[in-house]
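Reviewing the structure listed below.
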Amino acid sequence: MTRYAPAARVSRMPAWLWLLQRLSGLLILGLVMAHMVVNHYVDPATTITVGYVIANVRKLTFLLVDSCLLLLALFHGMTGLRNVLFDFVSRPRARSLVAWACTVVGAAFFAFGLAVLLTVMNR
Amino acid sequence: MNSPRAGEQGPTPRRAGLAFYLSRGPSLIVRGLFEPGAFAHAAHRLTGLVICAYLLAHIIVIGQAAFNEQGFDSLMRTFHRPLFLLLDLLLFGAVAFHGLNGCRLMLHDLSIGLRHQGRLVWVVTAATFSLMGWGLWALWPELT
């Protein structure tokens with residue numbers, strides 16, 4: 001019988017995280033394409049201004065797309081970053097540190113982005 | 001002869017550390033460049049890291065404008081220069097590749113198309129360059 005090395009205490013990719021990574025990726029694909037094409041490729045001649053942004057964020061569709069994109073993209077990015085860093089970090093303590101750092105950075109950027117959206121919306 | 005007998009633990013495989021990647025990485029990348037699996041893995045990871053870095057910068061740069069509106073319009077005029085539009089096109093290509101290759105990975109996770117893994121990598125790459133061609137066509141009036 002083959003014996004394997006004991007499993008790491010901080011799993012590389014728990015099943016629920018793997019599933020959420022796939023689901024968020026699917027959602028992001030549609031949202032980010034809409035985000036980029038609408039803002040940059042539909043009418044490339046216009047320059048984005050403050051007025052355009054404020055008018056857009058007041059529309060429910062744009063607000064929903066922007067806030068969902070903020071949450072999902074940060075989650076997907078931070079999970080991916082954790083996954084890459086786990087290739088170079090194998091000790092359990094260091095792994096949990098990496099995982100926590102990714103979570104904290106993601107949460108901080110999400111809070112900042114949400115504050116920005118609310119500020120612009122209430123102008 | 002060197003293989004472990006039944007009930008015996010074989011030699012623990014050495015982990016590839018940072019030093020390994022730094023010393024052997026370049027030659028491995030060049031050799032594996034035209035092997036579809038290695039190419040897709042490297043490109044998926046590279047585009048992912050680039051998009052992640054861009055996302056954080058994007059949130060800060062666009063976000064701070066909410067508290068400093070005067071700077072926003074001139075910043076946007078700067079970003080409308082041809083150089084930044086070309087960088088935007090590269091970002092568009094990176095997002096397209098990461099997304100399309102992600103779709104391929106999800107299909108393979110469901111064991112769909114496993115026999116065509118290698119060919120699908122080149123399909124994804126070709127689709128990426130087609131999309132970038134469309135983007136270039138759309139941006140062309142602004143670039144010239």
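Computed over heavy atoms, backbone and side chain alike; hydrogens, waters and symmetry mates excluded. Just so we're on the same page: letters track the sequence lines, and every chain starts at 1.
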Can you tell which part of [X] gets under 4.5 Å to a heavy atom of chain A, answering side chain, backbone, both or neither?
X        : result
B:Phe67  : side chain
B:Leu131 : neither
B:Leu56  : both
B:Arg45  : side chain
B:Ile60  : both
B:Ile59  : both

Between [options], which residue shows the highest count of heavy-atom pairs closer than 4.5 Å to chain A?
options                              : answer
B:Leu91, B:Asp88, B:Leu49            : B:Asp88
B:Ile51, B:Asp73, B:Leu75            : B:Asp73
B:Cys52, B:Gly63, B:Ala138, B:Gly135 : B:Gly63

Please classify the contact of [X] with chain B as side chain, backbone, both or neither, using a heavy-atom distance under 4.5 Å.
X        : result
A:Thr119 : side chain
A:Leu117 : neither
A:Phe112 : side chain
A:Ile54  : side chain

Does a side-chain heavy-atom distance below 4.5 Å link [X] with [Y]?
X        : Y        : result
B:Leu55  : A:Phe109 : no
B:Val61  : B:Phe79  : yes
A:Met13  : A:Thr79  : yes
A:Phe110 : A:Leu114 : yes
B:Phe72  : B:Gln64  : no

For [Y], is there any backbone N or O sitting under 3.5 Å from a side-chain donor or acceptor partner on [X]?
X        : Y        : result
B:Arg104 : B:Val121 : no
A:Arg95  : A:Val89  : yes
A:Asn39  : A:His35  : yes

Tell me whether the count of non-hydrogen atoms from other residues, nucleotides or ligands lying under 6.0 Å of [atom1] in [X] goes above 12.
X        : atom1 : value
B:Phe129 : CZ    : no
A:Trp100 : CH2   : no
B:Trp122 : CH2   : yes

Proximity of residues 107-118 of chain B to chain A, residues having a non-hydrogen atom under 4.5 angstrom:
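Within residues 107-118 of chain B, near chain A: B:Asp109.
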Of the non-hydrogen atoms in B:Leu85 and B:Leu139, which two are nearest, and what is the gap between them?
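Heavy-atom minimum between the residues: O-CD1, 3.8 Å.
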Of all of [options], which one pairs up most often with chain B through heavy atoms under 4.5 Å apart?
options                              : answer
A:Val120, A:Val105, A:Leu26, A:Leu81 : A:Leu26
A:Leu29, A:Val50, A:Val32, A:Val53   : A:Val50
A:Asp87, A:Val37, A:Asn83            : A:Asp87

Rounded distance (nearest 0.5 Å) linking atom CG of A:Asp66 with atom CG of A:Leu31
9.5 Å
Rounded distance (nearest 0.5 Å) linking atom CD of B:Glu142 with atom CZ of B:Phe84
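Spacing of CD (B:Glu142) from CZ (B:Phe84) equals 15.5 Å.
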